[in-house]
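Just so you know, ligand 1 is whichever comes first in the structure, and atom 1 is the first atom listed for that ligand. In this text the structure is predicted, and so the values were computed from the model without any measurement. For reference, positions follow the sequence shown, starting with 1.
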Amino acid sequence: MNSSRQRQTGCKSDRPRHYCGLFGVYGADRAAELAHLGLYALQHRGQESAGISAADGQRILTHKGMGLASTVFADPAIVARLRGHTAIAHNRYSTTGSSSIMNAQPLAIEFKCGQLAAAHNGNIVNADALRGAMEADGSIFQTSSDSEIVLHLIARAAYGPLPDMIAEALALVRGAYCLLFLAKDQLVAVRDPMGFRPLCLGSLKGAPVVASESCALDIVGAEHVRGVEPGEMLILDSHGTASRRLPESPRRAMCIFEYIYIARPDSRIFGQMADKIRRQFGRRLAEEHPARADIVIGVPDSANTAALGYSEASYIRFEIGLIRSHYVGRTFIAPEQSERDLKVHLKFNPVTGVVKNRRVVVVEDSIVRGTTLKQLVRMIRGAGAAEVHVRVGSPPIRFPCFYGVDMSTCKELIASSHTVEQIRDHIGADSLGYLSVEGMLKTVPFPKDMCTACFTGEYPTEVPVAFEKEQFDAARKCR
Ligand code: SF4
């Protein structure tokens, strides 16, 4: 789920940002309460807004708002009001400037077949073309989100069973999507034919549950059944769980960044535990870029797993050398000048007793801009480290992502315009080593089925058309 306006803001973080977590359950008591729990487990996938739609067989009720699930659903009465045995839920990622309740999901509409609510994770690459054509045809959009385009396409599809109308609509859509649709007596879950984003199926005492990551199944006590296949549509209703297929794609393109950073380590993603793959990235990184050092530390929390892998393979002791505060509010406005410095300090602090007089390997999972890492290196040196060696558990990010991860402009990716040595100099490290593309691909079980476009520039689809052209030109210049 994305909007062009958001895209133009570019990436503001040192780590990739990503969009949206999905959760759905059919045929369970107090479905909205389960969905509410699911939102907590998937909070890392989006913190801008949260919402739940619930259906009781007669009607759909939706509640959504800006902020974390704990904020949006702070009053227990809200969830209690969302009665019904079926629910879908959505966490959305935040970007500065364009956060808006109008883009919060699930999107709820009334159309010729009645009420429908939808939740989307991903990014539709031909959104501008589809929207332009529909607007020229008189359509009026309520949001700047590409997700709404799918609802318009469904509303225009030939009248029939909802899964048929969804399939007809999705035949026109290109790009990355996992979608949940809630009708008053049916839940439909779809994963795009290339399988960019993950979606899994679980069972809670026989009630089917779908979620972006398996950690959301765990939190409700559901058993993991399997991943939803690329191009698979699951239809959950009173007849049980049915599966059908969208037209086959010639290739798959599962986002390798889910393994590097996005997914929680305790989630099963694309058939593998994220923890296992991420640890192997760290091990391989140690083989490719050894360091003479006394300790290995990770940039918390997401790089800790790769740091453990680095430590295991290098026999250099793993330590907790950076502490991350989880309580920094997203709306905090830091005073002027060193706003960014202060933000980094608010978030991270080195453990002096751990790093002082030590040669430290700092493992990070990825570098987008390099700004935070530069300050972390300075901070660790300030705490007395003798040497700081940075190791990155992914290759240099040199190209924008068009599939739902907020790395939208080439110019904001430091590796698109700097060599590794220049980046080392920029962040002030004694040495810098990235995992190679080859090493990364050797670590995952189905390398040919992964998307690696942000590292290689080899896009698995046509890139989008308007901003797309500008950005792709920029990407080409980066080569
Ligand atoms: Fe994932 Fe990178 Fe592909 Fe985007 S371009 S889907 S972040 S691997």
Exercise. Check each atom of ligand 1 against the heavy atoms of V405 and keep those under 4.0 Å away; list them by number with element.
Key: 7 (S)

Quiz item: Less than 6.0 Å separating the ring centroids of F402 and Y459?
Solution: yes

Quiz prompt | Region of M450 engaging ligand 1 - heavy atom pairs below 4.0 Å | solution = neither

Practice problem: Assess R197 against Y177: is NZ or CZ under 6.0 Å from the centre of the six-membered ring, and within 45 degrees of the ring's axis? | Solution: no

Quiz item: Between S49, S145, S147, S144, which is the residue that forms a side chain to side chain donor-acceptor pair (under 3.5 Å) with N103?
Solution: S144

Quiz prompt | Top protein contact for atom 5 (S) of ligand 1, by heavy-atom distance | solution = C454 N, 3.4 Å

Practice problem: Output yes if C255 passes the N/O/S-under-2.8 Å test against atom 1 (Fe) of ligand 1; output no otherwise. | Solution: yes

Practice problem: For atom 4 (Fe) of ligand 1, find the nearest protein heavy atom and state the residue, atom name and distance (0.1 Å precision). | Solution: C401 SG, 2.3 Å

Self-check item: Short N/O/S contact of C451 with atom 3 (Fe) of ligand 1 (below 2.8 Å)
Solution: yes

Exercise. Begin with the C-alpha distance, continue with both residues' side-chain angles, and end with the deciding distance and a verdict on ring-ring contact (aromatic ring centres under 6.0 Å, His included) for Y259 and F270.
Key: CA-CA 9 Å; Y259 285 139; F270 310 139; 5.8 Å; yes

Quiz prompt | For A453, the ligand 1 atoms whose distance to one of its heavy atoms is below 4.0 Å | solution = 5 (S)

Quiz item: Between V363 and I297, does a side-chain contact (heavy atoms from CB on, under 4.5 Å) hold up when you go through it step by step?
Solution: CA-CA 6 Å; V363 177; I297 67 174; over 6 Å; no

Quiz item: Which protein non-hydrogen atom lies closest to atom 6 (S) of ligand 1, naming both residue and atom, and how far is it?
Solution: R197 NH2, 3.4 Å

Quiz item: Are S416 and R398 close enough that a side-chain donor and a side-chain acceptor fall under 3.5 Å?
Solution: no

Practice problem: Using a strict cut-off of 4.0 Å, indicate which atoms of ligand 1 neighbour a heavy atom of Y403. | Solution: 6 (S)

Exercise. Verify whether one side chain among Q280 and T443 offers a donor that lies under 3.5 Å from an acceptor in the other.
Key: no

Exercise. For M407, take its heavy atoms, then give the atoms of ligand 1 lying under 4.0 Å from any of them.
Key: 7 (S)

